[in-house]
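Proteins get letters first, then strands, A, B, ... in listed order; numbering begins at 1 in each.
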Number of protein chains: 2
Amino acid sequence: MADDAREKWLAEAKRRMRSAGMRSGQSRTAVMELLARDGRCLMSAQDVVDAMSARGASSRASVYRVLDTLHELGMLHRIDSGDGVARFEIADPDEHHHHAVNEATGEITTFTDPVLEASIKAIAARLGLELTSHDVILRGTPAR
Amino acid sequence: MADDAREKWLAEAKRRMRSAGMRSGQSRTAVMELLARDGRCLMSAQDVVDAMSARGASSRASVYRVLDTLHELGMLHRIDSGDGVARFEIADPDEHHHHAVNEATGEITTFTDPVLEASIKAIAARLGLELTSHDVILRGTPAR
DNA sequence: GCAATAATGAGATTGGATCTTGTTATTGTC
DNA sequence: GACAATAACAAGATCCAATCTCATTATTGC
């Protein structure tokens, strides 16, 4: 993701927090800035906890709280990859993607697909569902 | 799912276990029969543990082992619904479906869609991935 | 600057899942 | 059918992500 998109994300996250009547404590600020500056794709909460404690700030409880808050505010995607660890990534409104897991290496790649998105929209309409979110996860091994 | 499909599943599960060189201990047998006879859609491991201990059999460890084994043999789907609890359901080779979560009620419905499946196949091919499994989860609220 | 109160930190706690170890049961062989 | 080899099991300890508690600290409107 481009640097300016990250800064935009940070500004938007702060704006939404403020307009939700939330104060800007040091943990919230620090976690948001970490995610905006150094956030990798699919960080686990523990990754964030480690990164924060490496710079001597933010307790585990706070990190979990902030991640949860950002998720509720729609600023983070939460992906449950199946290993019992929730992973987060910045929600860039300009880029909607899904994930494919290489089961041989554990490597995760992202992809986008308009046909897939269209069919998901059609399914939701058929089910009478106002879609709030959706996940698609592919798992497989490299084809020979 | 029809009763005969369940019996077919049970027979196939036993066959695969046997051909994988595994013995048919009482825990394996009991868990498989429970799943085949009374298995609901999306049972958690704990649900199975409770059901087994209600009939005075199978330790928690055994239940987890058997579920894991059945999953590895391709006889169970494992769905991580995002609440930290893995859920399982019988893998009926004749019926491949996905899940939609009603976020207002927590209710889970299933759906199938050929267009969706086709696009997923196409994506996997594009990524050079030999697909072993894939999940699609929709979340939303009932449209007014 | 002050008071109200939201946010935080540290550690305890929860709960799903896994691991360990001694025991039991299954299976091929005789 | 009995026996030995060994796979499978049971019970409980343990692990670890996530949540909760509550006293302390920091932020914000006034």
| query | Taking side chain as C-beta onward, heavy atoms only, is B:Asp135 less than 4.5 Å from A:Arg139? | reply | yes
| Can you say whether the rings of A:His98 and A:His134 are parallel (under 30°), tilted (30 to 60°) or perpendicular (over 60°)? | tilted
| message | Whole angstroms only, please: what is the CG-C1' distance between B:Asp68 and C:dA17? | response | 10 Å
| request: For B:Arg23 and C:dT26, give me the distance from atom CZ to atom P, rounded to whole Å. | output: 10 Å
| remark: Between B:Ser59 and A:Ala61, the residue closer to the 5' end of DNA chain D by nearest nucleotide is B:Ser59
| message | If we check side-chain contact (heavy atoms from CB on, under 4.5 Å) with B:Met52, which of these qualifies: B:Val66, B:Asp47, B:Leu34? | response | B:Leu34
| note | To the nearest angstrom, the CZ-C1' distance between B:Arg87 and C:dA17 comes to 14 Å
| query | Does any donor-acceptor pair link the side chain of B:Arg65 with the base of C:dT18 at a separation under 3.5 Å? | reply | no
| message | Rounded to whole Å, how long is the line connecting atom CE of A:Met22 with atom P of C:dT5? | response | 18 Å
| query | Which comes earlier along DNA chain C counting from the 5' end, the contact point of A:Arg60 or that of B:Arg18, where each point is its nearest nucleotide? | reply | A:Arg60
| said: Contact between B:Leu70 and B:Phe88 at the side-chain level, heavy atoms closer than 4.5 Å - yes or no? | reply: no
| Donor-acceptor pair under 3.5 Å: do we get one between A:Arg28's side chain and the base of C:dT8? | no
| query | When you check the phosphate oxygens OP1 and OP2 of D:dT19, does a side-chain N or O of A:Tyr64 lie under 4.0 Å from one of them? | reply | no
| remark: In whole angstroms, the gap separating P of D:dT28 from NZ of A:Lys14 amounts to 12 Å
| task | For B:Ser24 and for B:Ser44, locate the closest nucleotide of DNA chain C by heavy-atom distance; then report the residue assigned to the nucleotide nearer the 5' terminus. | result | B:Ser44
| request: Check whether any side-chain nitrogen or oxygen of B:Ser62 sits under 4.0 Å from OP1 or OP2 of D:dA10, and answer yes or no. | output: yes
| Rounding to a whole Å, what distance do you find between A:Gln26:CD and C:dA7:P? | 13 Å
| request: For D:dT25, take OP1 and OP2 only and decide whether either is under 4.0 Å from a side-chain N or O of A:Ser27. | output: no
| With a 4.5 Å limit on heavy-atom distance, are the side chains of B:Leu10 and B:Glu33 in contact? | yes
| message | From NE2 of A:His71 over to P of D:dT19, roughly how many Å is that when rounded to an integer? | response | 12 Å
| query | CG of B:Asp47 versus C1' of C:dG16: gap in Å, rounded? | reply | 12 Å
